There are 4 protein chains.
Amino acid sequence: MIRCRGVLVSLFLGVLLHSTALADGRQEIQFPDLPGYRTLKCDFHMHTVFSDGTVWPTVRVEEAWREGLDAFAITDHIDYRPHKEDMQLRHNRPYELVEKAAKAQNLLLIRGVEISRDTPPGHFNVLFLKDIDPLDKPNFYDIFQQAGEQKAFVFWNHPSWQGAERGQWGEEQTKLLESKRLHAIEVCNTETYDATAHQYAIDKKLAIVGNSDMHDPTPYGERTADSHRTVTLVFAKERTLDAIREALDAGRTAVWCQNRLIGREEQLAALFTASVQISPAFQRRDPDTLCVEIRNRCELDIELQRIGEGKPARITLPAKATSVVNLQVPAKDAAEGVGYEVTNFLTAPKKPLAVKLVVPQQ
Amino acid sequence: MIRCRGVLVSLFLGVLLHSTALADGRQEIQFPDLPGYRTLKCDFHMHTVFSDGTVWPTVRVEEAWREGLDAFAITDHIDYRPHKEDMQLRHNRPYELVEKAAKAQNLLLIRGVEISRDTPPGHFNVLFLKDIDPLDKPNFYDIFQQAGEQKAFVFWNHPSWQGAERGQWGEEQTKLLESKRLHAIEVCNTETYDATAHQYAIDKKLAIVGNSDMHDPTPYGERTADSHRTVTLVFAKERTLDAIREALDAGRTAVWCQNRLIGREEQLAALFTASVQISPAFQRRDPDTLCVEIRNRCELDIELQRIGEGKPARITLPAKATSVVNLQVPAKDAAEGVGYEVTNFLTAPKKPLAVKLVVPQQ
Amino acid sequence: MIRCRGVLVSLFLGVLLHSTALADGRQEIQFPDLPGYRTLKCDFHMHTVFSDGTVWPTVRVEEAWREGLDAFAITDHIDYRPHKEDMQLRHNRPYELVEKAAKAQNLLLIRGVEISRDTPPGHFNVLFLKDIDPLDKPNFYDIFQQAGEQKAFVFWNHPSWQGAERGQWGEEQTKLLESKRLHAIEVCNTETYDATAHQYAIDKKLAIVGNSDMHDPTPYGERTADSHRTVTLVFAKERTLDAIREALDAGRTAVWCQNRLIGREEQLAALFTASVQISPAFQRRDPDTLCVEIRNRCELDIELQRIGEGKPARITLPAKATSVVNLQVPAKDAAEGVGYEVTNFLTAPKKPLAVKLVVPQQ
Amino acid sequence: MIRCRGVLVSLFLGVLLHSTALADGRQEIQFPDLPGYRTLKCDFHMHTVFSDGTVWPTVRVEEAWREGLDAFAITDHIDYRPHKEDMQLRHNRPYELVEKAAKAQNLLLIRGVEISRDTPPGHFNVLFLKDIDPLDKPNFYDIFQQAGEQKAFVFWNHPSWQGAERGQWGEEQTKLLESKRLHAIEVCNTETYDATAHQYAIDKKLAIVGNSDMHDPTPYGERTADSHRTVTLVFAKERTLDAIREALDAGRTAVWCQNRLIGREEQLAALFTASVQISPAFQRRDPDTLCVEIRNRCELDIELQRIGEGKPARITLPAKATSVVNLQVPAKDAAEGVGYEVTNFLTAPKKPLAVKLVVPQQ
């Protein structure tokens, strides 16, 4: 058969099938919006045959749609091009090839590129470009000079990818930061969380991002709590490219990687509040123990550990489900709530978010 | 090991495991509430070892919880007791055995029983009883006399279960209806829809119910659009037994059976409106064709067929997902919307719900 | 990150991950060998970015491995090249790019190409080529002249793909057949069975093939009886390219498409015999009814329908599972067996394979 | 509806459905036979409503069939009967209730019971009884005296179930062992492996068993490598009760619990040899490195760790799949093979099976 304009024409036996990929509908990633902000699901790092990936750029649109993204960037390497014997590699071409298809699926498309120098200094993604070609320069700092002129947004990719030692913060990072040409850091890449990068984000006041860095066709079928694409949650004033950029500049992000959320305390606390709903007690087991339903509206199982005495010591709230919990609430804590740590919401390396569980009066 | 007070004590190797069934969390059945009403998910028909089922009554509580029910009734046969050689069968006993466990899971428990005479007249479920024992009478009409005295709610079960011919509306049904002792009819049982029963519901102004009639352990694991327990959706003013009874008396129900909803036009229309959300057009393909996102918030794939000319001729909106649809909207229909039939929302046998799809202005 | 020599180098945090695709192991397609022949699973039709596909050729190796193929051919269009603006398209290049990777996975790789003229005459796959370039000719018959010189194997692809009318056997097919330059016909393509093509295979004595015709990344995850790649089963004397060619020339093939097998009576009968094992009766229900276990060792549910009187009227033997069947075997049929039709083993359009079920003596 | 003679009669709308449970076919547990022995899959410990379980005994037959068992025992507590208020509890009754159904599914049924004294001495299962009633005695040793008279087979259940301390080998165990009234020990129960019990099995020369100890309906749906019933593999001369007993007496067993096999070296080594098949090298990467296919025919992922130098250091062979492995085989080891430990085949606590991988000459 022959594929026409991106849609597989399958008229076999007179049956017109649409491309199965797009016909399957979109599995939304369910994280609630925050007060004043929409929670947009973004992936800012992926490859195609135009560098060392193995799919045509249009595949990235279909995957982004099916997997529930709001925005994405194709970021082929500007300086690593193993397919050059077979392809005319033009840096803006992947963007151009998918622009129309992304628009037809109502996906926000960001023009970006990956700069992949040896480590150190390592790899950097440059987003929100108008034209990638001027960045194809031999000198490292010239590239970022040009990125600056285009008012691009820059993050340091997977710092430890060639080992923690080679991924140390270096002179180049300092120079970029001081010249305001480094804005964020990739704390999660593929399915790996990098605690050192997390600490750099805090120390250097960089925005936190996490991405799939996909090279091959997506390995993700039906999404589960355990198996999903790493994404950056961007808390944006509206669903537009400008609003995403504003949120990135303001550092309003969090990263969902495996069964963890990484982010700043402000955003993680707001997301916890928006996601977790406690019912009034429907029964009292003993004077201190209240039976409540707790609903977890978000995509990951939330793991709680009691601060101090009291039961339960641990609670797991399964994703998108309701649990019955017999919660010990001493009378003195009824108003203010009982303290738990959310062990899989990290505000810094090894530092879980602290929350109070308050049982509402009927 | 030994089971203590309904919880399996498994201290093997010092690890205290809770009963796995209850620990797994609850998979909510996602149908939105209607304006002024909560959408409660109910199953009014199931069995245990106390008649011809194969599970102890407490299993029904665990299943109801896991599968997202709000209310349920255990309805063992009063007059068919194949386990009588091994069991002391007391009619109220299943209710008593689960009362506490149901309360601990915040489930609403209805005391009920099944009357299983040969067909005709067939089987009837009697719900909202105070005491089942007085119904254990030889004479058919005496039973319903007693049910009436207890102000019970009665429905005719699976009319065609022994063949359509034996399941015809008969003299007994007429007598019960005239004496106001028949209030509803089981239009779906297990995974089967009974069109004749549906027509009786309309002709005789009976409430519509649908139930699992489970005898064995639930066959349903992780719920999918294709594989789920048949339930009655009850549109109740609040989540209480009294409110369920009021809604049943008022006929505010619908049945979810396989990939279909069966109900009255008023409820199905309201449920469609609450479930389906159309975005403003994000693109215009040609003067008449708008690209929109349509979100289906409910548990079943919604199947649409165009009324008259226009594209698409058919639309499938996958359950709990968003679809991009290129919708042909002639200028003359922009305000009022374009007409579709929802082929799997049935307001009468072979009669799909008619709806208008209106694309909101930005 | 950077992909090196076909393997994604993911040294993030010091962990060396292998390409996940290859690490997952191979899910064998389980059809038993036949006496004297190995049952090889082959796909002779698929595309890459080198024509109108969306994956780099190496992806086809990973998919073939994971999905349990023994042999495959990449058959990009020689005459339809929508990516020519971005790629230097050399016809032999996909073969060259995967040759080493296929060998490393012990997969048999066939050099092939698709000739895609307008219908009629339609599309043809040419396999077992030494060099594709000489086939790039404007004249239709010249191409097949060249194919003949290379002793290639040719089949007519998906005859009805642009409608049954345009897919009629035509003058070109007759000429190719008469000059011995057409050897087989694609009776199944993607997930569609073409009964007309099946009849042509019988009438014209052509070998039967069925293929995936994949353009996009494989949509198949964990294989199930319902969801799998269409493959040609080749009954070859050994697992080599020469033996596959010999078997194709001899017509020893069958096609597994959805829940059906299509093939010649000889092969389907042998495959049934090799797949289905009946135990001696372990119990006798009544004088005529034997309780037996029937094991189905192959990948598809086998559907049986009784010929004439006797029970069961229908039997489903689930894939790779054992069933208990109460089989009515009148004394007169005990030796010879009772007759069934295998309704999903088709030896001609609408003609199921007839078999005898014989219960062995203990 | 009404259940008749164990089959749910569902004539709703004229369609006769068989009990879905039994209709679904049987998912065989795939472990190969050993030379001279059949590998039978057995579960010797489970409960029903006749003690503290929650299912009618017939449910255990359906589950055993679906989950691929060859033999099973219902072992309700003789001395713990929480349902006695509702049931006439006769000790032989569960056996009698399922005898016919087990035979109809060709399952081997063992008459058994659980003796559940406080720990110490703890719980014991007594199998291969002719009549359970005579064991209902107050004195602990009298019970086993009676078991001995019936030539029963006795194992100590889940020694550590109330903590490792209470589960120490005690005076009672010694007495039973010395009087030849203790023959085996439950090394795995539910999904837990008990290393202390494993050591007792070795020190005291007891047979190794592992069982589900199910109380509730089976939690296992479609079986996966990760989620399955714990079973005892019995290597028996044929598929009969007598042969199972002979194998138990001879200690020819192994236990499959989660992703581990526990057993004696002789059986585990034979099972490894029967399960793992290495192909001749199909390619040579470098003088020492051979590319081979390794097929794992059994139900669990096999984990290998190299003994000494050489690559790969670790190999995972996924269940029922084939892997390509680049195996370093120094010339000096070609004949004898290279050494690996099978880290999930345990011949003693923390002691993995040692094997040699030999690449056959072509």
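Chain naming here is simple, since letters A, B, ... match the order of the sequence lines and numbering starts at 1 in each. Everything numeric in this text was worked out from a predicted model, so none of it was measured.
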Inset, instruction - Might you confirm whether atom CG of B/D118 has over 12 heavy atoms from other residues, nucleotides or ligands at distances under 6.0 Å? - result: no
Inset, instruction - Only one of D/V55, D/V49, D/T48 passes side-chain contact (heavy atoms from CB on, under 4.5 Å) with B/W56; say which it is. - result: D/V49
Inset, instruction - Determine whether more than 12 heavy atoms belonging to other residues, nucleotides or ligands lie under 6.0 Å from atom NZ of B/K204. - result: yes
Legend entry - Side-chain heavy atoms of B/V59 within contact of D/T54, under 4.5 Å: yes
Would you give me the side-chain donor-acceptor pairs under 3.5 Å for residues 87-94 of chain D, sequence neighbours excluded?
{"unit_1": "D/Q88", "atom_1": "OE1", "unit_2": "B/M87", "atom_2": "N", "d": "3.1"}
{"unit_1": "D/R90", "atom_1": "NH2", "unit_2": "B/D86", "atom_2": "OD1", "d": "3.0"}
{"unit_1": "D/H91", "atom_1": "NE2", "unit_2": "D/D136", "atom_2": "OD2", "d": "2.7"}
{"unit_1": "D/N92", "atom_1": "OD1", "unit_2": "D/R111", "atom_2": "NH1", "d": "2.9"}
{"unit_1": "D/N92", "atom_1": "OD1", "unit_2": "D/I132", "atom_2": "N", "d": "3.0"}
{"unit_1": "D/N92", "atom_1": "ND2", "unit_2": "D/D131", "atom_2": "OD1", "d": "2.7"}
{"unit_1": "D/R93", "atom_1": "NE", "unit_2": "B/D86", "atom_2": "OD1", "d": "2.6"}
{"unit_1": "D/R93", "atom_1": "NE", "unit_2": "B/D86", "atom_2": "OD2", "d": "3.1"}
{"unit_1": "D/R93", "atom_1": "NH2", "unit_2": "B/D86", "atom_2": "OD2", "d": "2.9"}

Legend entry - Which portion of B/E85 sits near chain D, non-hydrogen atoms under 4.5 angstrom: both
